[in-house]
Amino acid sequence: MHDDRRLTEVRLERFVRDRIIPAVYPRSVPLALSSWDVPDVPDEPVPVLEALRQDFTPQEHGAAWGRPWSTKWLRLQGEVPDAWGSGADTAVEIVVDLGFSGILPGFQCEGIAWRSDGTIIKAISPRNQYIPLKLLGGGMSVDFYVEAAANPDLTQGWSFAATPYGDKATAGAEPNYRLGRIVIAELNQAVWELQQDIWTLSGLMHELPTELPRRHEILRALERMLDILDPDDVPGTAAAGRAALAAVLARPAYASAHQLVATGHAHIDSAWLWPVRETVRKCARTFSNVLALMDEDPDFVFSCSSAQQLAWIKELYPELFGRIREKVKTGQFVPVGGMWVESDTNMPGGEAMARQFLEGKSFFLAEFGVECQEAWLPDSFGYSAAMPQIVKSAGSRWFLTQKISWNQVNRMPHHTFNWEGIDGTRLFTHFPPVDTYNSELSARELAHAERNYRDHGRGNVSLVPFGYGDGGGGPTREMLAAARRTADLEGSPKVQVGSAANFFARAEADYESLPVWVGEMYLELHRGTYTSQAKTKLGNRRSEHLLREAELWCATAAVRTGHPYPAAELKRLWRLVLLQQFHDILPGSSIAWVHQDAERNYAAVGRQLEAIIADAGTAVLGAGGRNFLLNAAPHERAGVPALGIAEPVRAGQAVLVTEAEGGYVLDNGIIRAVIDARGLLTSLLDHASGREAIAPGQFGNLLELHRDTPNEWDAWDIDAFYRRNVTALTEARSVTLERDARGDSPDAVVVVERLAGSSAVTQRISLEPGSGSLAISTAVDWQESEKLLKLGFALDVRADRSASETQFGHVFRPTHLNTSWEVAKFEICAHRWIHVAEPGYGVAVSNSASYGHDVTRTIRADDGGTTTTVRLSLLRAPKFPDPAADRGRHELNVTIRPGASIADAVEEGYRTNLSPRMIRGAHGVVPLFTVVNQALVIESVKLAEDGSGDVIVRLYESLGERSTGVVTAHFDVASVHTVDLLERAVAAAGVTPGRDSVDLVLRPFQLVTLRFVR
């Protein structure tokens, strides 16, 4: 037989384009339009009832509209022609084209339809332009409103070109859109169903090998269908066309076909290429679409993550929230994830990550009576090795991600596995082989899921989240039609619509002997997110530590004096900080508007927390004129015990300063640092060991300026070739000495001024009496473009691995490049500190807001020694999506501590991030708790969420070893027991409660939460 496949395929493509699609709506009439443009005011967008009160003026069809980020309200009016929709296969719909581009399902203008009583009908988007007449509730009369948002397209074809649209101040005033067809239309349901038949079968045909008879069977069935259809009367022959395809659609799937649980999904970024204020409307649009689909299809199930997004709906769209509640009860609208937002997991601190689950799960329980059993993070940029323990400690069982499929180099060996965290906790994890969280349930995607699945023969079920996402939109009726057709179809995986919980239960039963992945799931991409938008990262770090202080001192004041505990205010501030940890805000990958909002939010959080701390401090100290140090750190500081308040004792000898070869030597009797005439650290010695930390002939405090031009995803990515273009900033404009006289022990500060490109840099290098670390403050007026600034220390240490702080512990990473997995980790994330060591000697580097690091090693030719270089990534200057990212003034603080153990590194991290807080008062305060054994670190002290006044203490083993100790309460305690992150009683290994104390025998990095009942 001659091969005429392509002839028939091309015929089909054109027939669908030219004949079938136009015949879906064979007749239509335009609607009368009027409109009101919302003024550009601070409180825009306006509530619906306010908009409906405005004067609407006549609106021309096809007119240009839409200043970037503006809102236009349209009123649509008309009468349905007689007899429309009366046929068995017809229905009347309103079709609204706001000027959409068909290229993308989102990332452009959007709308939401409202009834005149202020209730939501459904959304309008590029691939979801219809509104069924029956939803309007007005019989054959049409009269409703559309709130049209002129969100600009910042993707520009994903060219990553700089764009002014990310900031209202630079976006301009020219209209971006032109109104398209806005009509009453008659839907021919037979033609629409035929279109769905063709889409599924044609897609499947193209995925099947040409050697399979099934491919040719489908081709010939489609060919017969084309012969039957009358191109001049598609509606009249559609039923016959469908009959020609019925047999091939009815053939059942192979008995061994892969099984897919398809769950409706709309990955709505809480901010990204749009501000948070627009996300709120995106949620309302998406959820209203979902509810409309549920009313049509009782088998449709939608998975909704992010408690924050539903909290917005509850506050701003209460009628819609009530409808959501009803669908939760029927099991169709399913909360998942149990987090406040789909956060980044690399950079949030341990307590913040715990609060993501506490706030998220508590919200879902309180509002819906639902406890999520899965953590749901399909799009975050890598996954901390601490996550398994945190997820399990929140009472959850499962974990889902998809982003690891974006790896540049290495492919994960499994799709379903146990993920083992730093403490040994194992978590059932799934990584959908469909490789998308925005599936359309196309044949291509389904076939890819089956072919790509790496656990064939051991398991046979995977999850496919379907629905338009990123900018929202969610599932469509076309996707549900595809699910029905592929439920049992020869050549296709079997698709069943269900919930995530349904999938995980099936997968657990299907795949009993799971493989194990140990440690972090490092994303081999988006490494620049550890550094981009430094002010956002500083705001996060500062807010996390202010919240620690506020809760500690408020709890102390409540217990010691009965001072009211500001629970509601602290919860509000926590939730605001948790929102900023969303995986496109904290990572620095959003438009300028988003980061401007974040910086304003952090400033407000800081002001309010400072006031709360001052109020609690005054309450607990009493009125007086003595100076007290509030030590919120888990270690003694200046003679003040951990978590206590006392008058500080300044220990240590005065810093001896001498000049040497144009530079300075600083010596406090504990360490000795030499800064040369170029402002470089040429020597760093700790007197206890007598050992030099700086490698021979090399330097510390070396700033290096790299070209930073990633191939794509500018704010997200650092590509490995950046290292090949570097300028070492070894020349100083000046190196001078300042003395800051404080009491009897003057501190010396070496001030170094230099240029980084065209950016002025001022460094202040200081050594305090009694300190084991050298402090370096780097102030930069950053004016670079597409550059990366790093600060490095070349250390005389043979370290085969580095230790980087993560949530409730640290993670080791090799410094060698033996395999492609190590090579790919050329930029790594650390929280407050990083530590490198050889047996018996180590060096710790701490930071105040820098997360990106790299650690490399070389062998010196002259003496055979090893130089391990630790560098911090201080600043970047990407051009997309914020062309002015990071421009301006920054101050970044770093310390380096020679002769340091891991315990020293932990202490140094807290010291660098908890500035000394002095308050005047009458008397000191005994800590609420003391801990025997420095390895056991108290991360949080707060009052219980239930308002009982009980005190919650969260602590962890910090050294990565089995540690014993005792936690003792210094107030009246009725009992003490262990709880989970939601403060519910649970058993915990190694914990033996007493009357007012707890004996602990903890495994490495074990996390424990204690409830002391007052």
Side-chain angles (χ1 to χ4, degrees), residues 270 305-311 335 337-367 371-372 375-377 380 384 386-396 539-552 554-555 565-583 585-586 598 601-602 605-606 608-609 612 632 806-809 831-832 913 937-947 950-956 979-984 1007-1011:
S270 291
S305 71
S306 300
Q308 169 68 89
Q309 296 180 358
L310 286 164
M339 298 178 70
W340 189 246
V341 296
E342 290 185 17
S343 74
D344 177 75
T345 78
N346 290 310
M347 292 173 283
E351 187 60 25
M353 191 58 67
R355 297 302 176 94
Q356 287 284 355
F357 287 94
L358 169 61
E359 294 298 337
K361 295 192 77 168
S362 297
F363 181 89
F364 288 144
L365 281 164
E367 298 297 337
E371 178 164 7
C372 305
W376 183 277
L377 290 171
S380 300
S384 158
M387 286 298 290
Q389 180 175 211
I390 295 171
V391 173
K392 282 286 186 75
S393 296
S396 296
N540 174 72
R541 183 75 68 81
R542 183 69 182 133
S543 296
E544 288 181 341
H545 288 80
L546 284 172
L547 282 161
R548 172 194 174 92
E549 291 187 84
E551 289 187 328
L552 170 64
C554 288
Y565 186 81
E569 185 68 1
L570 289 170
K571 179 179 287 290
R572 184 186 66 80
L573 293 170
W574 258 118
R575 287 180 170 183
L576 185 56
V577 171
L578 296 179
L579 169 59
Q580 313 312 309
Q581 293 179 340
F582 176 73
H583 66 254
I585 302 180
L586 179 54
N601 285 331
Y602 285 132
V605 167
Q608 293 165 57
L609 287 174
I612 288 172
T806 189
Q807 297 94 353
F808 304 121
H831 286 196
R832 293 170 290 198
N913 286 272
V937 171
I938 290 180
E939 183 67 11
S940 176
V941 176
K942 60 185 286 289
L943 293 195
E945 294 289 308
D946 61 9
D950 294 347
V951 183
I952 303 295
V953 177
R954 191 151 22 253
L955 58 89
Y956 68 101
V979 294
D980 66 7
L981 296 184
L982 274 66
E983 302 174 8
R984 302 172 297 194
L1007 173 64
V1008 172
T1009 305
L1010 303 171
R1011 183 182 190 119

Quick check: does any side chain N or O of S380 sit under 3.5 Å from a backbone N or O of S343, one acting as donor and the other as acceptor? yes

task: Side-chain contact test, heavy atoms from C-beta onward, threshold under 4.5 Å: evaluate it for L1010 versus L955 and give yes or no.
output: yes

Tightest non-hydrogen contact, residues S393 and D980, listed as O-CB, 3.1 Å

Here the gap from S543 atom OG to L578 atom CG, rounded to the nearest 0.5 Å, amounts to 10.5 Å

Walk me through it: do V951 and L943 pass the test side-chain contact (heavy atoms from CB on, under 4.5 Å)?
CA-CA 5 Å; V951 183; L943 293 195; 3.9 Å; yes

Practice problem: Give a yes or no answer on whether the side chain of E983 reaches the backbone of E945 with a donor-acceptor pair at less than 3.5 Å. | Solution: yes

Only residue of M339, M347, Q581 satisfying side chain to side chain contact (heavy atoms under 4.5 Å, CB included) with M353 is M339

Separation between CD (E351) and CG (L358), nearest 0.5 Å, reads 8.5 Å

Just do the side-chain hydrogen bond (donor to acceptor under 3.5 Å, both in side chains) check on Q580 and N540 with the steps written out, would you?
CA-CA 8 Å; Q580 313 312 309; N540 174 72; over 6 Å; no

Q.
I'd like to check S270 versus L579 (side-chain heavy atoms, cut-off strictly below 4.5 Å). Are they in contact?
A. yes

Separation between CG (L981) and CZ (F357), nearest 0.5 Å, reads 8.5 Å

Check this for me, if you would: do E551 and R954 make a salt bridge, where the nitrogen-to-carboxylate-oxygen distance has to be below 4.0 angstrom? no

A555 and Y565 have their tightest heavy-atom pair at N-CE1, 3.6 Å

Practice prompt. Show your working on side-chain contact (heavy atoms from CB on, under 4.5 Å) between F363 and Q308 and close with a plain yes or no.
Written response: CA-CA 9 Å; F363 181 89; Q308 169 68 89; over 6 Å; no

One should read off an interatomic distance between I612 CD1 and L570 CG, to the nearest 0.5 angstrom, of 5.0 Å

When every non-hydrogen atom of S305 is compared with those of W376, the smallest separation belongs to CB-CD1, 3.8 Å

Q) Is the side chain of Q807 donor-acceptor paired with the backbone N or O of P348 at a distance under 3.5 Å, no angle test? A) yes

Interatomic distance, OG1@T345 vs CG@L377, rounded to 0.5 Å, equals 7.0 Å

Determine yes or no for a side-chain-to-main-chain donor-acceptor pair under 3.5 angstrom, with K361 supplying the side chain and E371 the backbone. no

| task | Would you mind reporting whether E939 and Y956 have side-chain heavy atoms less than 4.5 Å apart? | result | yes

**Message:** Are the side chains of L982 and L365 in contact, using a 4.5 Å heavy-atom criterion?
**Reply:** yes

| task | Compute whether any side-chain donor of one residue and acceptor of the other, for T806 and S384, lie under 3.5 angstrom apart. | result | yes

Q: Determine yes or no for a side-chain-to-main-chain donor-acceptor pair under 3.5 angstrom, with R541 supplying the side chain and H831 the backbone.
A: yes

Can you confirm whether L546 sits close enough to V605 that some side-chain heavy atom of one is under 4.5 Å from a side-chain heavy atom of the other? no

Notebook entry, point to check: Under a 4.5 Å cut-off applied to non-hydrogen side-chain atoms, are I952 and R1011 in contact?
Noted result: yes

The side chain to side chain contact (heavy atoms under 4.5 Å, CB included) partner of W574 among Q356, E569, R355 is R355

